[in-house]
Number of protein chains: 2
Amino acid sequence: MLDSETKAVELPEDHAEELRLWLRLLTCTTLIEGEVRSRLRERFDVTLPRFDLMAQLDKAPDGMTLSDVSKRMMVSNGNVTGLVERLVESGHLDRRTSDTDRRVQVIRLTKLGRAEFRKMAAEHESWIADVFADLTPKDLRELMRLLAKTKASAQKSASRRRA
Amino acid sequence: MLDSETKAVELPEDHAEELRLWLRLLTCTTLIEGEVRSRLRERFDVTLPRFDLMAQLDKAPDGMTLSDVSKRMMVSNGNVTGLVERLVESGHLDRRTSDTDRRVQVIRLTKLGRAEFRKMAAEHESWIADVFADLTPKDLRELMRLLAKTKASAQKSASRRRA
DNA sequence: GCCAATTGCTTGAAGCCTAAAGAAATTCGG
DNA sequence: CCGAATTTCTTTAGGCTTCAAGCAATTGGC
């Protein structure tokens with residue numbers, strides 16, 4: 001009894017399995033991400049971060065603030081600033097200062113931006129389908145379930161640390 | 001019969017499920033990666049790429065060539081060059097030109113590098129264990145299996161494109 | 001109304017990353 | 001043995017990313 005308590009904190013336990021799982025998860029993501037990245041470049045001469053940002057905005061017809069984008073994309077504020085800058089420059093994004101709060105920048109897709117994104121998104125979806133082509137419907141559902149559980153567990157772990 | 005053939009190529013099929021799965025996979029990885037990154041910075045003032053590189057070298061006592069590292073880490077050659085440069089500079093890595101092929105650089109951990117890595121790796125393993133803490137042993141095995149399948153499927157898809 | 005804390009965003013320094021081009025060494029076909 | 005192709009690594013330009021510091025606007029306590 002006392003043992004089981006001390007053990008968790010003191011003794012070096014074997015977590016090689018979790019480690020291997022994490023590495024495999026990372027490998028899968030890196031593999032797919034790299035694939036998507038080079039296809040986006042080849043077909044549309046666009047970078048993955050730009051695509052991701054446009055994807056967020058496509059889901060928000062009324063626009064988003066930079067903070068919203070930053071949270072959704074899980075990247076830093078400064079990162080978003082530069083990304084938006086380049087996309088405004090290229091005519092894909094429209095940027096306005098909020099009427100009610102002059103600190104806030106509201107961005108949304110321009111007509112051009114939306115049109116281009118839709119084209120890219122359609123192909124993108126088929127690439128992703130191809131990536132998972134060998135998984136059965138049951139595999140897909142099961143993987144979804146386990147990743148949901150993983151996400152929850154990871155979030156809990158992160159909040160434990162911040163506490 | 002003809003239908004099933006045309007359909008796969010022509011008709012816009014619904015692959016929303018695969019798309020959601022990919023986004024969830026990406027979210028999990030980003031979450032965990034961010035967590036590991038900030039912990040490495042806090043505790044050891046080291047970056048994730050440096051840690052990853054040292055992890056590769058820890059598994060290869062006789063050293064590795066830069067190309068080996070590049071393939072293993074799935075990053076570009078130029079990336080490795082810079083990374084190695086900084087780690088040699090900080091005394092963690094040792095770099096020598098191969099005796100048999102003057103193009104080849106062989107790198108390995110120094111005593112300092114190995115000692116520091118071992119300390120980091122021990123903590124790292126416990127962080128990862130914590131991330132997956134809510135998954136049962138069965139979950140872990142099942143997730144491992146499905147990710148193996150995903151990896152194989154993704155590799156197949158990537159090679160189809162390059163073909 | 002005022003001042004402190006917070007929030008939203010930008011800036012700057014450093015590092016990471018890729019693609020593409022190029023330099024140097026090796027390998028291989030003939 | 002020669003030259004073409006390949007391999008290994010570096011360099012360059014451009015972009016992505018973080019952290020930390022800082023500025024401007026708003027909010028909330030008093």
Side-chain angles (χ1 to χ4, degrees), chain A residues 26 29-31 33-54 63-90 92-93 95-107, chain B residues 26 29-31 33-54 56 63-90 92-93 95-107 162:
Chain A
L26 188 55
T29 301
T30 305
L31 207 57
E33 207 174 66
E35 195 59 21
V36 170
R37 186 191 308 280
S38 53
R39 285 172 124 133
L40 280 175
R41 163 178 286 273
E42 268 176 31
R43 290 277 301 131
F44 303 108
D45 193 33
V46 78
T47 65
L48 185 49
R50 277 159 152 100
F51 178 79
D52 285 344
L53 175 46
M54 289 196 267
M64 296 174 80
T65 70
L66 297 205
S67 292
D68 288 345
V69 172
S70 164
K71 274 167 209 141
R72 285 306 208 90
M73 293 181 72
M74 298 195 275
V75 299
S76 67
N77 274 346
N79 190 351
V80 174
T81 296
L83 215 39
V84 166
E85 205 169 278
R86 287 181 288 270
L87 279 167
V88 168
E89 171 67 26
S90 65
H92 293 86
L93 258 57
R95 164 193 220 145
R96 291 181 17 261
T97 300
S98 162
D99 295 329
T100 58
D101 186 337
R102 271 175 299 173
R103 288 169 307 179
V104 175
Q105 302 284 318
V106 178
I107 55 173
Chain B
L26 187 56
T29 300
T30 305
L31 208 57
E33 204 174 68
E35 195 60 20
V36 170
R37 185 190 308 280
S38 54
R39 283 171 125 134
L40 280 175
R41 166 179 283 273
E42 270 177 29
R43 290 276 300 133
F44 303 107
D45 194 32
V46 77
T47 66
L48 186 51
R50 277 160 152 101
F51 176 79
D52 286 344
L53 175 45
M54 289 195 266
Q56 292 300 329
M64 297 174 80
T65 69
L66 297 206
S67 292
D68 288 345
V69 172
S70 165
K71 273 168 210 138
R72 286 306 208 88
M73 293 181 72
M74 298 194 275
V75 298
S76 67
N77 275 346
N79 189 354
V80 174
T81 296
L83 215 40
V84 166
E85 205 169 277
R86 286 181 289 270
L87 278 167
V88 168
E89 170 69 24
S90 65
H92 293 85
L93 258 58
R95 162 191 221 144
R96 289 177 23 259
T97 300
S98 162
D99 296 329
T100 58
D101 186 336
R102 271 175 299 174
R103 287 169 306 179
V104 175
Q105 302 284 318
V106 178
I107 55 173
R162 282 191 301 273

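Letters A, B, ... are given to chains in the order of the sequence lines, protein chains preceding strands, and every chain is numbered from 1.
- Nucleotides of DNA chain D with any atom under 4.0 Å from a heavy atom of chain B span, from 5' to 3', D:dT7 to D:dC19.
- The number of heavy atoms from other shown groups lying within 6.0 Å of CZ (B:Arg72) does not exceed 12.
- More than 12 non-hydrogen atoms from other residues, nucleotides or ligands lie less than 6.0 angstrom from CD of A:Glu42.
- Judged as a side-chain contact (heavy atoms from CB on, under 4.5 Å), and not counting sequence neighbours, the contacts of B:Thr30 are A:Met74, B:Leu26.
- Within 4.0 Å of B:Asn79, counting heavy atoms only, lies at least one base atom of the nucleic acid.
- The shortest heavy-atom contact between A:Arg95 and A:Ile107 is CB-CG2, 4.0 Å.
- Each of B:Arg37, B:His92, B:Met54 was scored for a side chain to side chain contact (heavy atoms under 4.5 Å, CB included) with B:Val46, with one residue passing: B:Met54.
- Among the protein residues, B:Arg86 comes within range of the sugar-phosphate backbone only, with heavy atoms under 4.0 Å from sugar or phosphate atoms but none that close to a base.
- Listed by residue number, there are no residues of residues 43-50 of chain A with a heavy-atom contact under 4.0 Å to DNA chain C.
- Each of A:Asp99 and A:Val80 lies near DNA chain D, and the nucleotide nearest A:Val80 is the one positioned closer to the 5' end.
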Next on the checklist: One pair to check against side chain to side chain contact (heavy atoms under 4.5 Å, CB included): B:Gln105 and B:Arg96. What are the steps and the verdict?
Outcome noted: CA-CA 6 Å; B:Gln105 302 284 318; B:Arg96 289 177 23 259; over 6 Å; no

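- B:Leu48 and B:Glu33 get closest at one heavy-atom pair: CD2-CG, 3.4 Å.
- The two residues B:Thr97 and B:Arg102 come nearest to each other via the heavy atoms CG2-O, 3.7 Å.
- When every heavy atom of A:Val106 is checked against every heavy atom of A:Ser98, the shortest pair comes out as CG2-CB, 4.3 Å.
- Among the protein residues, B:Asp101 comes within range of the sugar-phosphate backbone only, with heavy atoms under 4.0 Å from sugar or phosphate atoms but none that close to a base.
- Heavy-atom distances to DNA chain C give each of A:Gly78 and A:Arg37 a nearest nucleotide, and the one nearer the 5′ end belongs to A:Gly78.
- Under the side-chain contact (heavy atoms from CB on, under 4.5 Å) criterion, A:Arg43 pairs with A:Glu123, A:Trp127, sequence neighbours left out.
- Nucleic acid contact for B:Ser67: sugar-phosphate only, since backbone atoms but no base atoms lie under 4.0 Å from a heavy atom of the residue.
- Two residues, B:Arg102 and A:Val104, neighbour DNA chain C, and the one matched to the more 5' nucleotide by heavy-atom proximity is A:Val104.
- The side chain to side chain donor-acceptor pair (under 3.5 Å) contacts involving residues 73-86 of chain B comprise B:Ser70-B:Asn77, where partners must be two or more places apart or lie in separate chains.
- Read 5' to 3', the first and last nucleotides of DNA chain C with an atom closer than 4.0 Å to a heavy atom of chain B are C:dG15 to C:dT26.
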